Amino acid sequence: MKKRKLAVLISTYLISASAAHAIPLSDDNSLEFHGYGMVAGDFKSDYDRPKSMRLHMDPTGPHQDPRGKMGDLGNTYWHDYFSSLAVTKKWQNVGAPGQSADFTYQMVGYGDKGFETAQMYGNFAGVTVLPKDSKIWIGRRYLDDRVSVFAYNTKEVHFDSAIGYTSPDFDLAVGTAQVEWSGSARPAEAVEGGRRIADAVYRLGATELGITYVEELDDPVRQQEEQNATSISAKYTLPSFLGLTSGNTIFKAQYGKGVIAQYLNTSRISQISEQGDSSMRFTMDGTIDAIDGFTIKPALIVEYTDRDETASRLSSLIDVDGHADHHYGSADETGVFAGLDVQQKLNQNWSMLYEANVNNTQNKDGNNGVNGTAYKFAMGPALQLQVQPGVAPIASLTAAYVGGDQAITELPAASEWRFGYRMEVWF
């Protein structure tokens with residue numbers, strides 16, 4: 001059973017980004033160990049408040065997982081514990097020079113003291129008849145891409161079992177995602193059916209083109225004709241910030257048919273989406289490093305979903321008290337999210353962290369008339385052994401002021417202060 005997919009994605013991203021810092025477990029570096037850990041808390045009650053100020057929430061999904069959030073500072077304290085540990089075993093020049101293989105196993109632990117196998121796959125390189133620098137892989141694997149300022153995955157293709165091909169210019173993977181099960185029902189019931197998935201990426205210099213196809217195999221909830229969805233994407237990386245100063249900028253445009261914006265280029269079709277829906281997303285994020293002592297990360301996301309007005313779609317969902325608190329229709333959904341992360345180096349061990357986020361949403365998550373704006377401002381000191389991005393462990397104290405329209409924030413008041421702490425480590 002999958003739990004809290006957002007947390008799994010955080011770990012997957014950080015582990016892949018920190019592979020260069022893996023700890024060797026053998027003299028010949030054929031066995032490596034790497035991972036990520038986080039513990040955090042604040043001083044407010046957890047009762048009757050959102051777990052985080054999320055950009056999206058799908059009440060029909062397993063565990064009602066949030067998709068994206070208003071940054072990390074002062075906004076992840078609800079997730080008080082998370083860990084991810086992975087081991088990679090490598091075999092070099094096996095059978096013939098240039099032939100190699102590796103196997104990765106990743107285990108993830110959660111705040112509820114549960115754990116699962118997140119990824120388990122093997123790579124084969126130097127295979128006869130394949131082009132140079134290409135690989136074949138098979139197993140359970142997650143292929144993700146994210147805007148880190150919002151912890152929002154713009155690509156989230158999760159295979160429970162698949163076979164894939166990778167090369168410098170082209171990637172292709174085909175496989176399935178297994179049935180999602182409800183952990184609370186007795187007996188356990190399927191809350192989502194299985195899916196066939198195909199994903200391909202073509203790279204040409206700084207440009208990357210992608211396509212993701214998802215086909216439902218069964219639908220235990222809606223009990224109607226199964227759907228399919230196709231998403232396409234184009235990404236371009238600029239080796240400066242908007243051509244103005246040193247840093248980098250990543251532009252990404254996406255379009256999908258049969259899928260709402262929050263699930264573009266993912267391996268899931270939401271139950272609140274219909275076959276005739278279409279959506280788009282534009283993202284811009286990057287880094288500015290031209291100012292001595294500062295690392296600045298701005299980000300912008302613009303989304304739009306055009307819902308099919310002829311579809312006979314889900315109209316409402318009943319909450320635990322028997323009330324219909326989600327009212328769906330065919331109104332179009334828009335979202336504009338802007339954010340800025342700043343790390344200011346004070347000395348060898350101390351830095352200041354700053355974060356500002358704002359979002360404006362119309363008909364949020366397909367709920368008719370749920371319109372408004374949310375905002376968050378956060379800052380606080382952080383302690384590291386060496387102050388620079390990507391060096392851990394890092395411990396921080398944060399004061400955050402959050403608020404906006406309550407239909408969007410889901411907070412119990414128009415605004416509130418949060419005070420909390422967090423420790424992160426990756427290797």
Side-chain angles (χ1 to χ4, degrees), residues 6 9-10 13-14 17 40 52-56 66-77 145-154 235-253 281-303 334-346 350-361 372-382 384 387-391 394 396-405 408-409 411 415-420 422 424:
L6 181 62
L9 301 177
I10 293 172
Y13 170 80
L14 287 171
S52 65
M53 288 180 64
R54 53 211 173 198
L55 304 185
H56 294 293
R67 293 197 57 76
K69 55 189 176 183
M70 297 276 285
D72 277 334
L73 292 185
N75 202 28
T76 54
Y77 304 140
D145 194 8
R146 72 167 29 206
V147 178
S148 61
V149 171
F150 294 104
Y152 191 9
N153 277 50
T154 57
K235 183 169 73 171
Y236 179 77
T237 303
L238 186 68
S240 66
F241 185 74
L242 299 177
L244 302 175
T245 186
S246 62
N248 67 79
T249 317
I250 300 173
F251 302 96
K252 190 171 188 177
R281 179 193 293 126
F282 172 79
T283 60
M284 185 280 293
D285 68 309
T287 302
I288 302 172
D289 53 22
I291 305 175
D292 187 41
F294 285 82
T295 300
I296 304 171
K297 297 181 178 180
L300 172 69
I301 302 175
V302 180
E303 294 182 337
T334 63
V336 180
F337 317 120
L340 183 71
D341 285 1
V342 179
Q343 182 181 29
Q344 178 189 8
K345 179 179 179 179
L346 300 179
W350 292 96
S351 63
M352 285 293 295
L353 305 179
Y354 309 91
E355 195 172 77
N357 290 275
V358 62
N359 88 59
N360 178 270
T361 309
T373 301
Y375 60 84
K376 187 195 75 175
F377 304 97
M379 64 180 295
Q384 293 174 263
V387 174
Q388 67 182 54
V391 173
I394 178 171
S396 61
L397 297 173
T398 305
Y401 184 68
V402 297
D405 296 292
I408 303 300
T409 66
L411 294 172
S415 62
E416 68 178 29
W417 282 95
R418 291 185 179 185
F419 301 93
R422 183 176 62 171
E424 287 183 288

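Not measured: the values here are computed from a predicted model.
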| query | When you look at F150 and T283, which way does the side-chain contact (heavy atoms from CB on, under 4.5 Å) test go after all the steps? | reply | CA-CA 11 Å; F150 294 104; T283 60; over 6 Å; no
| request: List the steps, then state whether side-chain contact (heavy atoms from CB on, under 4.5 Å) holds for I288 with K297. | output: CA-CA 6 Å; I288 302 172; K297 297 181 178 180; over 6 Å; no
| request: I would like to know whether T154 and V147 meet side-chain contact (heavy atoms from CB on, under 4.5 Å); could you show each step before the answer? | output: CA-CA 7 Å; T154 57; V147 178; 3.9 Å; yes
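Side chains of T245 and I291 form no contact here, defined as non-hydrogen atoms less than 4.5 Å apart. Within the 4.5 Å cutoff, no side-chain heavy atoms of T409 are placed close to those of V402. Residues M70 and N359 meet the side-chain proximity criterion, which asks for heavy atoms closer than 4.5 Å. Side chains of K235 and D145 form a contact here, defined as non-hydrogen atoms less than 4.5 Å apart. At a threshold of 4.5 Å between non-hydrogen side-chain atoms, the residues T373 and V358 count as touching. No side-chain heavy atom of N248 sits under 4.5 Å from any side-chain heavy atom of P239. In this structure the side chain of E303 never reaches within 4.5 angstrom of the side chain of F282, judged on heavy atoms. A heavy-atom distance below 4.5 Å is not found between the side chains of L353 and T398.
Using bins of under 30°, 30° to 60° and over 60° for the plane-to-plane angle, the ring pair W417/F419 lands in the parallel bin.
A donor atom on one side chain and an acceptor atom on the other are found under 3.5 Å apart for Q343 and Q384.
R418 contributes atom CZ, which lies 13.0 Å from atom OH of Y401 (distance to the nearest 0.5 angstrom). The distance from the CD1 atom of I250 to the CZ atom of F241 is 11.5 Å, given to the nearest 0.5 Å. For the atom pair CG of N357 and CZ of F377, the computed distance is 9.0 Å after rounding to the nearest 0.5 Å.
The pair K252-D285 does not count as a salt bridge, with every side-chain nitrogen at least 4.0 angstrom from each carboxylate oxygen. Ion pairing between a basic and an acidic side chain is recognised when a charged N comes within 4.0 Å of a carboxylate O; K345 and D292 show no such pairing.
Both tests hold for R281 against Y152: distance to the six-membered ring centre under 6.0 Å, angle to the ring axis within 45°.
A donor-acceptor pair under 3.5 Å is absent between the side-chain atoms of E355 and the main chain of A378, judged by distance alone.
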